[in-house]
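In this chain, numbering begins with 1 at the start of the sequence shown. FYI, side chains are in, hydrogens and waters are out, and symmetry mates aren't considered; it's all heavy atoms of this structure. Order of appearance sets the numbers: ligands from 1, and atoms from 1 within every ligand.
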Amino acid sequence: MSEYRPVIGLEVHVQLKTRTKLFCGNLIQFGAEPNTNVCPVCLGLPGALPVLNEQAVELAVRSGLGLDCRVHETSLFARKNYFYPDLPKGYQITQFDRPFATDGFLEVADAQHAGRVRIRRIHMEEDAGKLLHDRLPGLTAIDLNRAGVPLVEIVTEPDLTSPAQARAFLAALKQILQYLDVSDCDMEKGSLRVDANVSVRKRASDPLGTKTEVKNMNSFANVERALEFELKRQIGLLASGHSIRQETLLWDAERGEARPMRSKEESHDYRYFPEPDLPPLVFPRERIERIRAALPELPRLRAERLVRQFGIPQYDAEVLTAERALADYFEEVAMAVRDGKTASNWVMGDVLAQTRQRALTITALPVRPGSLAELIRLVRNGRISNPIARQVFVTMIDSKREPAEIVETEGLAQVRDDAQLEQWVAEILTGFPSEAERFRAGDQKLLGFLMGQLMKKSRGKADPKLASEILARRLSGT
Ligand code: ADP
Ligand code: MG
């Protein structure tokens with residue numbers, strides 16, 4: 001469409017799932033009363049010294065290994081100096097020229113392309129506090145509970161070529177970090193934040209164009225929208241003979257536009273220097289390898305295993321492994337019923353539909369895998385039909401009762417009694433005489449119609465196999 005090609009690189013801040021902060025023992029509690037989880041270290045009081053949280057380092061290393069990075073035995077902390085009210089120390093402890101991980105990649109597929117997106121680097125750093133603009137009328141308040149919370153910043157190469165691919169990258173990244181149990185990646189709680197760098201050029205072989213950086217998106221969908229907006233703006237400028245100014249823009253989701261940040265909020269002279277209060281971070285190779293050996297099975301391998309082990313299609317395996325908890329759920333059901341395809345039909349069908357409709361997570365779904373397996377067995381044993389089972393499934397969620405009990409108390413068991421089936425067939429033949437006639441005259445399609453009417457009359461309870469045998473027999477006059 002346009003002669004310009006997008007070039008996108010992402011910087012993603014991810015909050016590590018630790019109990020305490022990166023350099024002190026304060027608890028991390030989302031939603032805690034402001035300024036209750038603070039101490040001299042994270043407040044930056046004179047003389048307070050940081051002590052590195054080992055758990056944070058371990059999670060960071062896991063993220064590096066999960067993203068196929070080289071994890072370095074030695075990395076360095078640095079001070080990034082700037083003045084802003086959310087930063088009581090006046091500097092942020094981060095990593096600069098010696099990050100703990102470099103040169104990784106993530107496989108990303110969207111509707112248009114599939115390929116590797118290179119990860120340039122991952123470094124550890126502490127979060128800043130949070131400015132609250134809506135607490136005190138006319139004033140800005142500061143909550144320093146977040147100051148010192150451990151983050152990793154994951155920086156990609158400018159390998160992404162469309163907003164949709166950027167969104168797909170983020171989905172894949174979130175998936176892997178959740179599998180690794182490194183972060184909950186909840187954008188709404190700020191535990192995953194994205195800065196999107198974007199430029200355009202005419203040919204893939206051209207040098208990179210001047211980029212802008214877009215911040216402040218609160219969902220992956222908004223990252224995609226913000227990038228689309230910004231690309232259009234840049235292309236419009238270039239097409240009309242203007243040039244791009246390198247700047248930072250803030251996305252306004254309400255208005256659907258990105259506006260330049262006030263320039264004083266942007267300062268690039270950070271005067272980085274090595275953090276004098278922390279020794280180099282040394283993480284021996286054996287320890288890195290021990291963590292690698294203990295990594296959980298990641299989505300791609302798990303999908304391959306599900307295909308092999310349960311004989312389900314690749315597509316099913318990809319949907320089921322989208323989330324670790326969903327894959328766990330599926331596996332439990334499939335093991336219990338020893339039938340992968342039936343289990344996957346249920347989980348991808350009614351289970352996902354109901355959790356979405358009720359805005360539940362899979363873990364919060366009241367029907368646990370064992371109960372779904374029991375329901376599937378009731379169908380397999382011919383106790384209930386499939387449509388009835390779907391109805392029972394909804395009742396299981398609403399009432400938290402077990403399937404056999406629901407079938408029992410609500411009289412939903414399949415009817416296989418000849419006398420009752422004969423009676424329904426007779427009623428259908430008298431109820432639809434002309435259809436019966438046309439069937440006898442050779443219109444085979446009408447058998448399906450008459451069966452449908454019979455199932456309706458029995459409210460789904462007639463055993464379809466037996467009922468259709470009787471129907472066919474009566475229609476042919478035997
Ligand atoms: P800066 O020095 O402005 O922070 P970096 O070179 O560190 O820029 O890159 C930051 C991020 O921006 C990386 O994710 C990188 O891939 C991306 N990036 C760099 N140059 C461009 C560009 N011309 N167009 C799009 N993204 C870019
Ligand atoms: Mg940068």
Side-chain angles (χ1 to χ4, degrees), residues 2-14 63-64 67-69 75 78-82 92 94-106 108 113 115-125 128 151-170 172-174 177 192-217 220 223-224 226-238 242-251 258 260-261 263 265-272:
S2 147
E3 55 174 330
Y4 289 100
R5 298 161 180 265
V7 175
I8 299 166
L10 302 176
E11 295 166 288
V12 186
H13 284 92
V14 173
S63 74
L67 294 170
D68 281 283
C69 289
S75 62
R79 283 190 184 182
K80 178 177 176 177
N81 299 280
Y82 63 93
Q92 177 191 30
T94 179
Q95 296 190 309
F96 184 51
D97 49 4
R98 299 277 303 272
F100 75 92
T102 58
D103 307 296
F105 65 88
L106 181 60
V108 179
H113 354 234
R116 283 185 177 186
V117 174
R118 289 169 299 159
I119 307 290
R120 179 184 292 176
R121 58 183 276 153
I122 310 181
H123 62 257
M124 248 178 284
E125 63 186 27
L151 306 175
V152 283
E153 179 175 343
I154 300 166
V155 182
T156 77
E157 292 293 343
D159 283 351
L160 297 151
T161 54
S162 74
Q165 203 195 4
R167 181 180 182 168
F169 171 86
L170 291 168
L173 180 67
K174 174 173 175 168
L177 295 176
L192 187 152
R193 282 168 268 163
V194 181
D195 301 338
N197 299 272
V198 51
S199 65
V200 297
R201 59 183 167 184
K202 287 193 176 166
R203 277 172 301 272
S205 56
D206 288 349
L208 292 174
T210 304
K211 73 175 165 81
T212 57
E213 181 171 352
V214 193
K215 292 175 180 280
N216 199 41
M217 291 78 75
F220 293 169
V223 172
E224 187 177 4
L227 283 168
E228 271 160 8
F229 171 90
E230 177 54 11
L231 280 165
K232 208 178 269 172
R233 190 188 71 91
Q234 289 190 8
I235 291 168
L237 281 171
L238 293 172
H242 296 83
S243 56
I244 307 298
R245 189 152 55 116
Q246 177 153 353
E247 62 188 340
T248 301
L249 306 161
L250 289 185
W251 173 246
M261 227 174 174
S263 61
E265 291 173 26
E266 218 184 335
S267 153
H268 281 311
D269 188 13
Y270 293 127
R271 296 186 300 117
Y272 284 97

For [X], the ligand 1 atoms whose distance to one of its heavy atoms is below 4.0 Å:
| X | result |
| --- | --- |
| Val7 | 24 (N), 25 (C) |
| Pro158 | 16 (O), 26 (N), 27 (C) |
| Leu10 | 14 (O) |
| Ser199 | 22 (C), 23 (N), 24 (N), 25 (C) |
| Glu157 | 16 (O) |
| Leu208 | 23 (N) |
| Gly209 | 23 (N) |

Practice task
Report yes or no: does Asn216 contribute a side-chain atom to a donor-acceptor pair with the main-chain N or O of Leu250 at less than 3.5 Å?
Solution key: no

Practice task
Would you check if the side chain of Asn197 reaches a backbone N or O of Leu10 as a donor-acceptor pair within less than 3.5 Å?
Solution key: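 No; judged by distance alone, with no hydrogens or angles, the pair does not exist.
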
Exercise for the section: For residues Leu67 and Leu173, determine if any side-chain heavy atom of one lies less than 4.5 Å from a side-chain heavy atom of the other. Expected result: yes

Quick check: [X] and ligand 1, any N/O pair under 3.5 Å apart?
| X | answer |
| --- | --- |
| Glu11 | no |
| Val155 | no |
| Ile8 | no |

Practice task
Answer yes when Lys215 and Glu213 have at least one side-chain N-carboxylate O distance shorter than 4.0 Å, and no when they do not.
Solution key: yes

Practice task
Indicate whether the side chain of Ser199 and that of Gln234 have a donor and an acceptor atom separated by less than 3.5 Å.
Solution key: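 No, no side-chain donor-acceptor contact under 3.5 Å.
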
Exercise for the section: Consider only side-chain N and O atoms of Glu125 and His123, and report whether a donor and an acceptor are under 3.5 Å apart. Expected result: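 Result is yes, a qualifying pair exists.
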
Completion exercise
Looking only at non-hydrogen atoms, the one of Lys211, Glu153, Arg120, Arg121 nearest atom 8 (O) of ligand 1 is Lys211

Problem - Lys NZ or Arg CZ of Arg116 over Phe105 ring: under 6.0 Å, within 45° - result: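 Cation-pi check for Arg116 and Phe105: passes.
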
Exercise for the section: Tell me whether the guanidinium CZ or amine NZ of Lys80 lies under 6.0 angstrom from the six-membered ring centre of Tyr272 and within 45° of its axis. Expected result: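 Geometry flag: not set, cation outside 6.0 Å or 45°.
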
